[in-house]
Amino acid sequence: MRILHVIQELRTGGAERVVASLVRGATERGHEAAVASAPGAIADELGLQPFPLPLLERRPWRVPLGAWRVRRAIAGFRPDVVHAQNPGMALLAALATARGRRPRALVSVHGVPEADYRPAARLLRTAGLHVVACGSGVESGLAEAGLLGVETIPNAVPPAPAPYDRGELERELGLAGGQKLVVAVGRLVAVKNHALAIDALARVPGALLAIVGEGPLAGALAARAASLDLADRVVLTGLRRDARAIMGAADAVVVPSVEEGLPLVVLEALAARTPVVATSVRGIRELLTDGRDSLLVPAGDAAALAAALRRVLEDGALASRLAQAGAELAAPYTEARMVESYLDVYTRLLGR
């Protein structure tokens, strides 16, 4: 089977990492995979040269060029299946494949802003492709917007790597030893709301915060930490390929997002047996249960986030209980199961 993935770009976000997993998994099972996208770090990681796509950036006049580029990719690669990622790419794929008929096509939805579920549902109906949600939160969001019959294949992650040696990590990042370490992982953009984690840290005496990721808000986050006199307790590590090992060495992982689909960082933290403190937003609240496998707080509430962090950092029994329950919760979310589920969808679309 030949599979062409269509994604806006190959940066280091969750949807992009899912595509990387699907490309590797399909290739390991004897299939052929290619990607049409704007460039990014994950293309280098996979060792492939993507078919080029323009960045849409919500500019409708770029859609015809994008659809033409997808047609060029189809002509060059001759896929059996085109797999678009998120609604914008669904539109390009629909235009390039006669709404998923030549060749067969589908779209995965990895989450959209709450206000965008209704327009996303309209666009997906127009595109006419088979729709797969990355988790039950996204499925329910689309259903609430009137799009029914959506299939769900949850995001998933590979097994957890060995945790970073804590002393070595502290030395490498210039952190003081003997203090509790909280880690946040994700792109430095508004939707991830790392600023909330910094604000919460100001109310958690003695704790350290490492923010792993890159993005346009790096300078603003560093300035916010300095303004709260936290420059010696907050470190922005930049992009790290060993982010999962860093999470494994932490005392807690904080996920302060405004919105999510089904965040890989949560699954990775659970698999690493690191307690998770997160905001109770769509995509997270459907997965986690407050007090059983995590601590959940209202979105945007720095005081509540700080209180939850203090609880998990100060109560070893609670931390151990959350870590054990979290690992059990994460166990079924395997990369192999996700890959096989998508291969099954491809086979059904092809009528094989």
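Because the structure is predicted, anything quoted here is derived from the model rather than measured.
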Chemist: Below 4.0 angstrom, N of the basic side chain to O of the carboxylate: do Arg292 and Glu328 qualify?
Modeler: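 Salt bridge: no.
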Chemist: With a 4.5 Å limit on heavy-atom distance, are the side chains of Val235 and Leu209 in contact?
Modeler: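 With C-beta onward as the side chain, the pair stays apart.
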Chemist: Taking Arg244 for its side chain and Pro161 for its backbone only, find out whether a donor-acceptor pair lies under 3.5 Å.
Modeler: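 No, because the side chain of Arg244 does not come within donor-acceptor range (under 3.5 Å) of the backbone of Pro161.
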Chemist: For Arg125, does the CZ atom sit with more than 12 other heavy atoms under 6.0 Å from it, leaving out its own atoms?
Modeler: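 Yes, the 6.0 Å shell around CZ holds more than 12 heavy atoms from other groups.
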Chemist: Got more than 12 heavy atoms from elsewhere within 6.0 Å of CZ, Arg310?
Modeler: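 Counting other residues, nucleotides and ligands, CZ of Arg310 exceeds 12 neighbours.
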Chemist: What pairs with Phe51 under ring pair (Phe, Tyr, Trp, His ring centres under 6.0 Å), at least two apart in sequence or on another chain?
Modeler: none
Chemist: Which residues pass the ring pair (Phe, Tyr, Trp, His ring centres under 6.0 Å) test with Tyr164, not counting sequence neighbours?
Modeler: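 Result, ring pair (Phe, Tyr, Trp, His ring centres under 6.0 Å) vs Tyr164: none returned.
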Chemist: Taking all heavy atoms of Ala299 and all of Thr279, pick out the closest pair and write down the distance.
Modeler: CA-CG2, 3.8 Å
Chemist: Roughly how far, to the nearest 0.5 Å, is CG of Leu208 from CG of Leu201?
Modeler: 7.5 Å
Chemist: When rounded to the nearest 0.5 angstrom, what is the spacing between CD in Glu214 and OG1 in Thr237?
Modeler: 10.0 Å
Chemist: List the atom of Pro87, the atom of Leu123, and the distance in Å for their closest heavy-atom pair.
Modeler: O-CD2, 3.0 Å
Chemist: Kindly give the heavy-atom pair with the smallest separation between Ala218 and Leu236, and that separation in Å.
Modeler: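 Minimum heavy-atom separation between Ala218 and Leu236: O-CD2, 3.4 Å.
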Chemist: Should Pro216 and Val189 count as side-chain neighbours, where that means a heavy-atom distance under 4.5 Å?
Modeler: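 When only atoms from C-beta onward are counted, Val189 and Pro216 do touch, with a gap below 4.5 Å.
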Chemist: Quick one: CG on Leu106 to CD1 on Ile153, what's the gap to the nearest 0.5 Å?
Modeler: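 Answer rounded to 0.5 Å: 8.0 Å.
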Chemist: Run the salt-bridge test on Arg166 and Asp251 with the 4.0 Å N-O cut-off and return the result as yes or no.
Modeler: yes
Chemist: For residues 28-45, which side-chain N or O atoms pair as donor and acceptor with protein atoms under 3.5 Å away, sequence neighbours left out?
Modeler:
unit_1	atom_1	unit_2	atom_2	d
Arg29	NE	Glu340	OE2	2.7
Arg29	NH1	Gly25	O	2.9
His31	ND1	Met1	N	3.4
Glu32	OE1	Arg2	NH1	2.8
Glu32	OE2	Arg2	NH1	3.1
Glu45	OE1	Arg241	NH1	3.3
Glu45	OE2	Arg24	NH1	3.2

Chemist: Does atom CZ of Arg348 have more than 12 heavy-atom neighbours, drawn from other residues, nucleotides or ligands, at distances under 6.0 Å?
Modeler: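 For Arg348, atom CZ is crowded (more than 12 foreign heavy atoms under 6.0 Å).
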Chemist: More than 12 non-hydrogen atoms from neighbouring residues, nucleotides or ligands closer than 6.0 Å to CZ on Arg187, yes or no?
Modeler: yes
Chemist: What pair of heavy atoms forms the shortest contact from Leu124 to Ala90, and how long is it?
Modeler: CD2-CB, 4.0 Å
Chemist: Compare every heavy atom of Pro103 with every heavy atom of Thr97, then report the nearest pair and how far apart it is.
Modeler: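 Shortest heavy-atom contact: CB-O, 3.5 Å.
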Chemist: Going by atom types alone, do Arg282 and Ser140 pair a side-chain donor with an acceptor below 3.5 Å?
Modeler: yes
Chemist: Return the set of residues passing salt bridge (charged side-chain N to carboxylate O under 4.0 Å, His left out) with Glu168 (not counting sequence neighbours), or none when no residue passes.
Modeler: none
Chemist: Please tabulate, for the side chains in residues 254-278, all donor-acceptor contacts under 3.5 angstrom to protein atoms that are two or more places apart in sequence or on a different chain.
Modeler:
unit_1	atom_1	unit_2	atom_2	d
Ser257	OG	Glu260	OE2	2.7
Glu260	OE1	Lys192	NZ	3.3
Glu260	OE2	Lys192	NZ	2.9
Glu268	OE1	Arg17	NH2	3.4
Glu268	OE2	Arg17	NH2	2.0
Arg273	NH1	Gln324	OE1	2.7
Thr274	OG1	Met247	O	2.8

Chemist: Can you pull out every side chain to side chain donor-acceptor pair (under 3.5 Å) where at least one residue sits in residues 196-206? Sequence neighbours excluded, please.
Modeler: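 As it turns out, the side chain to side chain donor-acceptor pair (under 3.5 Å) pairs with a partner in residues 196-206, which skip direct neighbours, are Asp199-Arg224.
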Chemist: When you compare the side chain of Pro50 with that of Leu48, does any pair of heavy atoms fall below 4.5 Å?
Modeler: yes
Chemist: For side-chain hydrogen bond (donor to acceptor under 3.5 Å, both in side chains), just list the numbers for Ser136 and Glu286, CA-CA rounded to whole Å, side-chain angles, deciding distance to a tenth of an Å, and then say yes or no.
Modeler: CA-CA 7 Å; Ser136 58; Glu286 292 84 2; 5.3 Å; no
Chemist: Is the ring pair His83/Tyr342 parallel, tilted or perpendicular, if the boundaries are 30 and 60 degrees?
Modeler: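 Geometry flag for Tyr342 against His83: tilted rings.
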Chemist: Below 4.5 Å, heavy atoms only, C-beta onward: do Ile3 and Leu343 meet side chain to side chain?
Modeler: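 Yes - at least one pair of side-chain heavy atoms lies under 4.5 Å apart.
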Chemist: Let me confirm one number: the NE2-OG distance from His5 to Ser108, rounded to the nearest 0.5 Å.
Modeler: 8.5 Å
Chemist: State the CG-CD distance between Leu53 and Gln8, to the nearest 0.5 angstrom.
Modeler: 7.0 Å
Chemist: Could you tell me whether Arg311 atom CZ has more than 12 heavy atoms of other residues or ligands within 6.0 Å of it?
Modeler: no
Chemist: CD/Glu139 to CG/Leu147 distance, rounded to the nearest 0.5 angstrom?
Modeler: 10.0 Å
Chemist: If you look at every heavy atom in Leu217 and Ala190, which pair is closest and at what distance?
Modeler: CD1-N, 3.4 Å
Chemist: May I ask you to decide whether Arg58 forms a salt bridge with Asp116, counting only side-chain N to carboxylate O separations under 4.0 Å?
Modeler: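 Yes, Arg58 and Asp116 are salt-bridged.
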